Amino acid sequence: MREITKKGPFYDNLRNISRKPAMVALISSILHLVDEVRWGLIPENSAKKVAFSQMRQLDNVLNLSMDVPYDYLLDPKESIIENWVRVTSWIVKRNV
């Protein structure tokens, strides 16, 4: 039997948004940028600029009826992946 915790609703919401084709396309694009940085094809700052621009579209991609505080959530000092986790976690925690 599955243990009932606060994580249950979070994981359910995360699964729901991860099944949306537009969300899959967005994360695939962001992960490709991470790969290109790792392969030495583009500088990290350039990839971060593009990734942040894409992340700022999450409210449109998910048809959110709330304002996401991107300026507060996105931190250029941290990695693309850390920023992605922070932004998506913020959205998922709010029961999107």
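Along the sequence shown, residues are numbered consecutively beginning with 1. As the structure is a computational prediction, the values presented were derived from the model and not from experiment.
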Please list all pairs meeting side-chain hydrogen bond (donor to acceptor under 3.5 Å, both in side chains) that have one or both residues in residues 64-75, counting only residues at least two apart or in different chains.
Arg56-Asp71, Asp59-Tyr70
With sequence neighbours left out, the residues meeting salt bridge (charged side-chain N to carboxylate O under 4.0 Å, His left out) with Glu82 are none
Do Phe52 and Val37 share a hydrophobic cluster, counting only Ile, Leu, Val, Met, Phe, Trp and Tyr and linking them when any side-chain heavy atoms are less than 4.5 Å apart?
no
Which heavy atom in Val61 sits nearest to a heavy atom in Ala22, and how many Å separate them?
CG1-CB, 3.6 Å
Is there a path from Val92 to Val85 through hydrophobic residues (I, L, V, M, F, W, Y) whose side chains come within less than 4.5 Å of each other?
yes
Would you check if the side chain of Lys48 reaches a backbone N or O of Ile80 as a donor-acceptor pair within less than 3.5 Å?
no
Going by the rule salt bridge (charged side-chain N to carboxylate O under 4.0 Å, His left out), which residues pair with Arg38 if we only count those two or more places apart in sequence or in a different chain?
Asp35
For a side-chain contact (heavy atoms from CB on, under 4.5 Å) check, start with the C-alpha distance between Ile91 and Val87, then their side-chain angles and the critical distance, and finish with the verdict.
CA-CA 6 Å; Ile91 290 169; Val87 170; 4.1 Å; yes
Keeping Ser46 on the side-chain end and Ile42 on the backbone end, is there a donor-acceptor pair under 3.5 Å?
no
Using modelled atom types and a 3.5 Å cut-off, is there a donor and acceptor pairing between side-chain atoms of Ser29 and backbone atoms of Ala25?
no
Would a hydrophobic clustering, with Ile, Leu, Val, Met, Phe, Trp and Tyr connected at side-chain separations under 4.5 Å, put Val50 with Leu73?
no
In the hydrophobic clustering (ILVMFWY, side-chain contacts below 4.5 Å, transitive), which residues join Trp39, or is it alone?
Leu41
Quick one: pull up CG in Leu14 and OG1 in Thr88 and give me the separation to the nearest 0.5 Å.
7.0 Å
Looking at Trp90, does the NZ or CZ of Arg94 lie under 6.0 angstrom from its six-membered ring centre and within 45 degrees of the ring axis?
yes
Exam field: side chain Ser53 to backbone Lys49, donor-acceptor pair closer than 3.5 Å
no
Val24 reachable from Met55 in the ILVMFWY side-chain graph, under 4.5 Å edges:
no
Please confirm whether the backbone N or O of Glu78 pairs with a side-chain atom of Asn83, one donor and one acceptor, at under 3.5 Å?
yes
Could you measure the distance from the CG atom of Asn13 to the OG atom of Ser89? Nearest 0.5 Å is fine.
11.5 Å
Does some side-chain heavy atom of Ser79 sit less than 4.5 Å from a side-chain heavy atom of Trp84?
no
Enter the distance from Met23:CE to Leu58:CG here, rounded to the nearest 0.5 Å.
5.0 Å
From Ser18 atom OG to Tyr11 atom OH, the distance as rounded to the nearest 0.5 Å:
13.0 Å
Mind checking whether Ile27 and Leu31 have side chains closer than 4.5 Å, heavy atoms only?
yes
For Ala51 and Ile30, work out which heavy atoms get closest and say how close.
O-CD1, 4.3 Å
Going by side-chain hydrogen bond (donor to acceptor under 3.5 Å, both in side chains), name the residues that satisfy it together with Gln57, two or more places apart in sequence or in a different chain.
Asn60
Among residues at least two apart in sequence or on other chains, which ones pass salt bridge (charged side-chain N to carboxylate O under 4.0 Å, His left out) with Glu36?
none
